[in-house]
Amino acid sequence: MRRKAMMNLDFPRLGTIQQAAEASGIPVYRVRQLCKAGTVRSVQCGRKTLVNLTSLAAWMDGGEPPPQPGIHRVEL
């Protein structure tokens, strides 16, 4: 049996809100606010929120978060 060639996937770095706060120096409550507002990408995983650390770094740098593959809403 042949194995299919695995696609080279680039997974985002994720961390808990606490880990994101420690890594960035931003208070926990502010990281939580950014996630709830959708300013920084995050994923709900059970009771924990996992923060996309690349998105948080882009926000801190003053830029837009990197584009996410898939379907996006377009504002006219």
- Item | Trp59 vs Thr54, side-chain contact (heavy atoms from CB on, under 4.5 Å): CA-CA, chis, key distance, verdict | CA-CA 9 Å; Trp59 176 81; Thr54 306; over 6 Å; no
- Message: Quick check: closest heavy atoms across Thr39 and Ser55, and the distance to 0.1 Å?
- Response: O-OG, 4.3 Å
- Is Met60 reachable from Val31 through a run of hydrophobic residues whose side-chain heavy atoms are each under 4.5 Å from the next? yes
- Message: Run the side-chain contact (heavy atoms from CB on, under 4.5 Å) test on Thr49 and Val43 for me, step by step, so that the C-alpha distance in whole Å, both residues' side-chain angles and the decisive distance to 0.1 Å come before the verdict.
- Response: CA-CA 6 Å; Thr49 300; Val43 186; over 6 Å; no
- Message: Please give the remaining members of the hydrophobic cluster of Leu14, linking ILVMFWY side chains under 4.5 Å, ordered by chain and number.
- Response: Leu50
- Query: When you measure from the side chain of Gln19 to the backbone N and O of Thr16, does any donor-acceptor pair fall under 3.5 Å?
  - Reply: yes
- At what distance, to the nearest 0.5 angstrom, does CG of Asn52 lie from SG of Cys35? 9.5 Å
- Only counting residues at least two apart or in another chain, list the ones meeting side-chain hydrogen bond (donor to acceptor under 3.5 Å, both in side chains) with Ser24. none
- Taking only residues two or more places apart in sequence or in another chain, which ones pass side-chain hydrogen bond (donor to acceptor under 3.5 Å, both in side chains) with Arg30? Gln33
- Which residues share a side chain to side chain contact (heavy atoms under 4.5 Å, CB included) with Val28, sequence neighbours left out: Ile17, Gln18, Ala21, Arg32
